[in-house]
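Structure, as structure tokens:
Source: prediction; values computed, not measured.
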Amino acid sequence: MLLIEQPTQKLIKGPQRLSCARDGEPLVFLFLYSFNLNAVLRLMAKDLKDQSKSQGTVTSSFEADSLKDFWIPDYILLRGDLEVNKPSHVPACPVIVFINSRSGGQLGGELLLSYQTLLNKNQVFDLNEEAPAKVLHQLFFNLEKHKHGGDSVASEIQKRLRIIVAGGDGTAGWILGVISDLNLAQPPPVATVPLGTGNNLPFAFGWGKKNPGTDHESVKIFLDQVKNAQEMKVDSWHVLLRMKVSKEGSGDSVEPLKLPHSLHAVNPGPQADALDEEGYCTFRGGFWNYFSMGMDAQVSYAFHAERKLNPEKFKNQSSNQSTYAKLTCSQGWFWASLSHPSSWNIGQVTKVWIMRRPGHWEVLSIPPTIRSIICLNLPSFSGGLNPWGIPSRKRLRLKEWTPPYVDDGFLEVVGFRNAWHGAVLYTPSGHGTRLAQARGIRFEFQKSAADHTFMRMDGEPWKQPLPTKDDTVMIEISSFGQVNMLATGVYPAKSVNDPLTPRTLKGSEGDSDDEPEVVVSEERKKFGATSSLDLPKDFNLSQVS
């Protein structure tokens, strides 16, 4: 039975009604016409061809118009002077998209294909194929060149540009580090697509913690969210690691390659000090969410080691989270007092210094039972949990703390005794042992009974050797500027500059509402310029979530 669609009606010469029946019952009534059959068949073939093409590229004029706001033309993206007609339309929200195609099992590859289909494929990059530093350097070089040539479209694209990063927390941190290294006058804000296991950074800014849809409609919905998202400043934190490294890589030393990709060696230069001559090396890196040490980092290290050995078993977010929970049990942290010696406790392996005021360092007292310490910038850890919680106004006043803002130049320092202690975070008012708010933190490791501990920065864990002789390992964390993030919907991250953010938070300790507000001084809102972060030459993306 042949159904004639609207495009063929112009060939109609006259109507005729036909009834099709089975067992005497009419089933279908069609209006058929006398027509040129060959012409109809050609039109049907064309329709099928167009439908086939639409699966690989945008053909609908309505869809194309809706995506113009995100589209960046080739002459902005590619090298050389392209002979093109420069568009008069200025995109409202031009985007550059970076996708870790190995994140989220098969989802990363599917998402890459969807973005490349909907947008200009030259503005969508697979991080397994393209280095973001090279991409962004070329992009901003082109933008500056065209701006100086009087191109108003290029100027507006640079002002409105937004970055989309799809991957885990480690992938997002990589891109943020590259943007910081560019040291731009107007760095583009970043939106994060949750493709990892924990997805702490996307959750903090309202992008969720579950893997998103990868079909065209899901991508278009996400693009609209990016277009309407709120821009927020977020503190960046510099990490400096100083330790003795044997050139032979034997004994109590560690090879630089065993450190995470977020830390890289710093060349001593012509002004190397005596410690450099004695075999000490300096490593540097950065984080935007957290630095942790102890039991949580050990579980993360075991998870990453297992995933590296058996990557085929880690292609589903739910199963990854289940494996993570099982490793917490198998590592013995629920009965830590029986399975782990007290020599592993934080207070036994390191001396901790904090800086509450600029230039003033003081020793932080660590309770003897603390086995994990977290330096938190965002209220999102271990899959969106908040280790700091929400202190009452009374506690804020007594401790001289402020609410935990993401742009106030302070880290929240929290400790945990064991996995049971960490489980309280799943309760409405649960939190860890609040230790301090600090502008900077320093860990000094001397010879102790433990020969190593575990550390983690924004999802990247490593096994950190500790001194067994009269050596010292030092880690110092300090503020080094800010980055721009995009937030959407309802999100836990709070800004000190947001007039809608309350300056005091209600707690569970029965404080009255008429107590004085905690005021954040203007001095806390000002920070210096960013320092540069680089990645090692042997960077392997497959080891980043």
Side-chain angles (χ1 to χ4, degrees), residues 169 172-185 187 189-190 200-201 204-205 231-242 262-264 266 282-293 352-364 373-381 387-388 400-414 434-444 455-458 460 474-485 493-498 501 518 520-534:
D169 290 335
W174 180 18
I175 303 301
L176 290 173
V178 171
I179 294 174
S180 295
D181 187 42
L182 292 174
N183 202 17
L184 301 168
V190 177
N200 294 294
L201 201 149
F205 296 98
E231 191 170 336
M232 292 183 66
K233 295 286 186 182
V234 178
D235 293 332
S236 302
W237 295 91
H238 178 258
V239 176
L240 200 68
L241 168 62
R242 185 86 154 169
S262 51
L263 286 170
H264 61 274
V266 177
T282 301
F283 304 87
R284 65 180 302 178
F287 70 91
W288 289 265
N289 194 356
Y290 66 86
F291 170 93
S292 68
M293 176 173 59
V352 183
W353 299 73
I354 62 171
M355 182 171 61
R356 299 179 190 270
R357 301 187 304 276
H360 179 73
W361 291 92
E362 59 185 83
V363 175
L364 177 65
I373 190 169
I374 304 167
C375 306
L376 195 66
N377 187 42
L378 306 179
S380 180
F381 179 81
W388 184 258
E400 297 183 347
W401 293 337
T402 64
Y405 301 115
V406 301
D407 55 353
D408 62 354
F410 279 84
L411 288 169
E412 283 67 48
V413 186
V414 190
R434 300 182 184 112
L435 299 174
Q437 282 184 323
R439 291 178 176 272
I441 303 172
R442 181 188 299 153
F443 299 92
E444 294 182 0
M455 299 180 180
R456 181 166 59 147
M457 292 197 311
D458 283 0
E460 284 198 89
M474 187 274 291
I475 295 178
E476 184 169 307
I477 300 173
S478 58
S479 174
F480 71 99
Q482 295 179 319
V483 293
N484 297 326
M485 300 296 297
K494 301 301 179 184
S495 170
V496 71
N497 294 308
D498 184 358
T501 299
V518 178
V520 180
S521 65
E522 286 298 320
E523 187 272 336
R524 281 195 179 187
K525 301 178 183 179
K526 299 177 182 178
F527 307 95
T530 62
S531 300
S532 64
L533 288 176
D534 297 315

[atom1]-[atom2] distance between [X] and [Y], expressed to the nearest 0.5 angstrom:
{"X": "Asn377", "Y": "Tyr290", "atom1": "CG", "atom2": "OH", "result": "12.5 Å"}
{"X": "Phe287", "Y": "Cys375", "atom1": "CZ", "atom2": "SG", "result": "6.0 Å"}
{"X": "Arg242", "Y": "Phe283", "atom1": "CZ", "atom2": "CZ", "result": "10.0 Å"}
{"X": "Asp458", "Y": "Trp237", "atom1": "CG", "atom2": "CH2", "result": "13.0 Å"}
{"X": "Met355", "Y": "Glu362", "atom1": "CE", "atom2": "CD", "result": "11.0 Å"}
{"X": "His360", "Y": "Ile354", "atom1": "NE2", "atom2": "CD1", "result": "9.0 Å"}

Atom of [X], atom of [Y] and distance for their closest heavy-atom approach:
{"X": "Trp288", "Y": "Ser180", "result": "CZ2-OG, 3.9 Å"}
{"X": "Arg442", "Y": "Glu476", "result": "NE-OE1, 3.2 Å"}
{"X": "Ile179", "Y": "Val190", "result": "CD1-CG2, 3.5 Å"}
{"X": "Gly286", "Y": "Met457", "result": "O-CE, 4.2 Å"}
{"X": "Gly285", "Y": "Leu263", "result": "N-CD2, 3.7 Å"}
{"X": "Asp235", "Y": "Asp408", "result": "OD2-N, 3.2 Å"}

Among Leu411, Asn289, Val413, the one residue meeting side chain to side chain contact (heavy atoms under 4.5 Å, CB included) with Leu376
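Result: among Leu411, Asn289, Val413, Asn289 is the only option passing the side chain to side chain contact (heavy atoms under 4.5 Å, CB included) with Leu376.
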Contacts of Val414 that satisfy side chain to side chain contact (heavy atoms under 4.5 Å, CB included) - sequence neighbours left out:
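Val414 satisfies side chain to side chain contact (heavy atoms under 4.5 Å, CB included) with Pro387, Trp388, Phe416 only.
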Is any side-chain heavy atom of [Y] closer than 4.5 Å to one of [X]?
{"X": "Arg284", "Y": "His238", "answer": "yes"}
{"X": "Met232", "Y": "Asp407", "answer": "no"}
{"X": "Tyr405", "Y": "Ser495", "answer": "no"}
{"X": "Val406", "Y": "Pro379", "answer": "yes"}
{"X": "Leu364", "Y": "Trp353", "answer": "no"}
{"X": "Leu435", "Y": "Val352", "answer": "no"}

Asn200 vs Leu378, side-chain contact (heavy atoms from CB on, under 4.5 Å): CA-CA, chis, key distance, verdict:
CA-CA 9 Å; Asn200 294 294; Leu378 306 179; over 6 Å; no
Carefully, step by step, assess Lys233 and Asn484 under the rule side-chain contact (heavy atoms from CB on, under 4.5 Å).
CA-CA 5 Å; Lys233 295 286 186 182; Asn484 297 326; 2.9 Å; yes
Ring pair (Phe, Tyr, Trp, His ring centres under 6.0 Å) involving Phe291 - partner list, sequence neighbours excluded:
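For Phe291 the ring pair (Phe, Tyr, Trp, His ring centres under 6.0 Å) partners, ignoring immediate neighbours, are Phe443.
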Decide side-chain contact (heavy atoms from CB on, under 4.5 Å) for Ile475 and Met455; before the verdict, give the C-alpha distance in whole Å, the side-chain angles of both, and the deciding distance to 0.1 Å.
CA-CA 11 Å; Ile475 295 178; Met455 299 180 180; 3.3 Å; yes
